[in-house]
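Quick notes on the structure that follows.
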Amino acid sequence: MGNEEFAQRMQREVLDSYDEELELELEDRPFDADGNEIALTEQEKLERRRYFAELLRLQGELVKLQDWVVATGHKIVILFEGRDAAGKGGVIKRITQRLNPRVCRVAALPAPNDRERTQWYFQRYTAHLPAAGEIVLFDRSWYNRAGVERVMGFCSDEQYEEFFRSVPEFEKMLVRSGIQLIKYWFSISDEEQHLRFLSRIQDPLKQWKLSPMDLESRRCWEQYTRAKEVMLERTHIPQARWWIVEGDDKKKARLNCIAHLLSQVPYEEIKHPPVQLPERIRHKDYSRRPVPKNMFIPNRY
């Protein structure tokens, strides 16, 4: 293979990796009320290019942060809370997209089963806490009790009050143990949530995101607002304060959140020795065995 051909293949490989971003952005494609895709203006196209450029830069910094966490044994827990369709999942995808899943993982727990309902409330969350050199992102967390469980009546008044008595001490213990705890609340306006729900209803690729609980949350908007206000007031402590992310503009919310996250960790670039690809060892007595054709999947594309 010549140098020019090799350079072209390397360039195609890089472009293929960046196509992952375009695939992720399909979920943000704009539709009108009839489900037809809206053409972007030149200004909107320019803004998308700027967004991708900044996102890739920030993701490069996240890789440096990851290397520093591994090298120092730092432990980070990041909580993502907020209203349905506020953009929590989108920013989590962009944070984890280029990171090692063995270092940075997502904990998105389902509703508790019968056994878990009899446990200490925080018990099923502690199993997902990080060891040294790990980052854990909670896509919703123990704050379910202060939000959906309170609004939907899934917990008693006594359990609700006990949560507020326990959670500050629980989080202080995490911090004392060496875990850096960062809490984000994604805020979204009533009108924007309404539009995003309609978009999910019209888009067959998004309909799976709409659970019966999500739909019920629209009816209970004001109850969720009151629950959020109480939660922020009673759990905003110096050791683990809340940070609000304005989520009406998805792309700006992602960039702002990632940039803020990077500012909260005292990471620095870890120098690595140059990687040398070893030469492949070849043996004259080795020959590759043929694979039966019926083992290959059809080439349809």
Side-chain angles (χ1 to χ4, degrees), residues 17-18 20-29 51-52 54-66 69 74-111 124-125 127-130 133-144 147-148 174 179-188 192-193 196-197 199-200 203 205-206 208-211 213-214 217 228 240 242-265 267:
S17 69
Y18 288 164
E20 297 173 14
E21 280 296 340
L22 297 177
E23 292 171 9
L24 277 177
E25 290 308 311
L26 284 174
E27 67 184 51
D28 292 337
R29 59 197 188 283
Y51 163 74
F52 280 123
E54 184 62 10
L55 179 61
L56 289 171
R57 186 190 72 80
L58 291 172
Q59 288 179 329
E61 292 299 313
L62 286 171
V63 172
K64 295 177 185 178
L65 182 148
Q66 172 186 252
V69 165
H74 198 61
K75 296 179 283 188
I76 305 176
V77 168
I78 312 167
L79 308 187
F80 293 88
E81 295 288 343
R83 294 187 185 275
D84 297 309
K88 300 181 296 298
V91 74
I92 289 171
K93 287 178 185 177
R94 275 69 182 184
I95 290 172
T96 60
Q97 184 181 1
R98 304 189 188 282
L99 301 184
N100 184 344
R102 296 184 183 89
V103 176
C104 180
R105 66 178 187 273
V106 179
L109 277 61
R124 71 192 194 111
Y125 295 101
H128 298 272
L129 294 175
E134 293 180 351
I135 306 168
V136 178
L137 285 64
F138 279 88
D139 186 355
R140 296 197 184 278
S141 65
W142 44 86
Y143 282 99
N144 277 339
V148 62
L174 296 183
I179 292 175
Q180 182 177 2
L181 179 59
I182 306 171
K183 304 188 299 193
Y184 289 115
W185 174 269
F186 278 70
S187 179
I188 186 175
E192 182 64 22
Q193 187 191 54
R196 291 184 189 178
F197 275 12
S199 174
R200 291 181 179 184
D203 188 346
L205 298 181
K206 294 181 181 179
W208 65 269
K209 295 184 176 182
L210 281 175
S211 69
M213 204 64 63
D214 296 334
S217 71
K228 175 205 72 173
W242 281 101
W243 297 100
I244 309 297
V245 181
E246 294 181 336
D248 276 6
D249 187 316
K250 289 182 182 180
K251 291 182 172 60
K252 289 182 180 179
R254 292 167 191 160
L255 298 180
N256 288 332
C257 185
I258 295 173
H260 182 268
L261 170 61
L262 291 167
S263 74
Q264 296 301 296
V265 184
Y267 74 98

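The model shown is predicted, which means the values in this text are computed figures rather than measured ones. Numbers here are sequence positions counted from 1.
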Show the nearest heavy-atom pair for residues Gly87 and Phe186, with the distance to one decimal.
O-CE2, 4.0 Å

May I have the step-by-step check of side chain to side chain contact (heavy atoms under 4.5 Å, CB included) for Leu99 and Leu65, ending in yes or no?
CA-CA 10 Å; Leu99 301 184; Leu65 182 148; over 6 Å; no

Non-neighbouring partners of Phe138 that pass ring pair (Phe, Tyr, Trp, His ring centres under 6.0 Å), sequence neighbours left out:
Trp142

Gln193 and Arg196, any side-chain heavy atoms less than 4.5 Å apart
no

Salt bridge (charged side-chain N to carboxylate O under 4.0 Å, His left out) filter on Arg200, not counting sequence neighbours, yields none

Rounded distance [0.5 Å steps], CG in Asp139 versus CD1 in Ile78:
12.0 Å

State the CG-CG distance between Asn256 and Leu58, to the nearest 0.5 angstrom.
9.5 Å

Side chain to side chain donor-acceptor pair (under 3.5 Å) filter on Ser187, not counting sequence neighbours, yields none

Between Arg98 (side chain) and Gln59 (backbone), is there a donor-acceptor pair under 3.5 Å?
no

Name all residues meeting the ring pair (Phe, Tyr, Trp, His ring centres under 6.0 Å) criterion together with Trp242; count only those two or more places apart in sequence or in a different chain, and write none if there are none.
Tyr143

Partners of Glu246 by salt bridge (charged side-chain N to carboxylate O under 4.0 Å, His left out), sequence neighbours excluded?
none

The side chain to side chain donor-acceptor pair (under 3.5 Å) partners of Arg124 (sequence neighbours excluded) come to none

Closest heavy-atom pair and its distance - Ala85, Ile188:
O-CD1, 3.4 Å

Which residues pass the side chain to side chain donor-acceptor pair (under 3.5 Å) test with Ser141, not counting sequence neighbours?
Glu81

Rounded to the nearest 0.5 Å, how far does CG of Asp248 lie from CD of Glu192?
5.0 Å

With no hydrogens and no angle check, is any side-chain donor or acceptor of Lys250 less than 3.5 Å from a backbone partner on Val91?
no

Hits for side chain to side chain donor-acceptor pair (under 3.5 Å) against His260, two or more places apart or cross-chain, chain-then-number order -> Tyr184, Gln264

Quick one: which residue pairs count as a salt bridge (Lys or Arg N to Asp or Glu O under 4.0 Å) with a foot in residues 99-109, not counting sequence neighbours?
Arg105-Glu134

Please examine the side chains of Pro101 and Thr96, heavy atoms only from C-beta on, and report whether any two atoms are closer than 4.5 Å.
no

What residue pairs, at least two apart or across chains, pass ring pair (Phe, Tyr, Trp, His ring centres under 6.0 Å) with a residue in residues 84-111?
none

For the atom pair CD1 (Ile95) and CG (Leu261), what is the distance rounded to the nearest 0.5 Å?
5.5 Å

Side-chain donor/acceptor of Gln66 to backbone N/O of Asn100, under 3.5 Å:
yes

Closest approach of Gly247 and Ala253, non-hydrogen atoms and distance?
CA-CB, 4.0 Å

What residues, two or more places apart in sequence or in another chain, satisfy salt bridge (charged side-chain N to carboxylate O under 4.0 Å, His left out) together with Lys64?
Glu61, Glu269

So does Arg140 pair up with Asp84, basic N to acidic O under 4.0 Å?
yes

Who passes salt bridge (charged side-chain N to carboxylate O under 4.0 Å, His left out) against Lys183, sequence neighbours left out?
Glu171

Applying side chain to side chain contact (heavy atoms under 4.5 Å, CB included) to Leu255 and Lys251, what does each step give before you reach the verdict?
CA-CA 6 Å; Leu255 298 180; Lys251 291 182 172 60; 5.6 Å; no

Taking atom types as modelled, find out whether Asp214 and Ser211 have a side-chain donor-acceptor pair closer than 3.5 angstrom.
yes

Nearest 0.5 Å, please: how far is CG in Leu137 from NZ in Lys88?
13.5 Å

List the steps and the verdict of side chain to side chain contact (heavy atoms under 4.5 Å, CB included) for Val77 and Tyr125.
CA-CA 11 Å; Val77 168; Tyr125 295 101; over 6 Å; no

Enter the distance from Leu62:CG to Arg94:CZ here, rounded to the nearest 0.5 Å.
13.0 Å

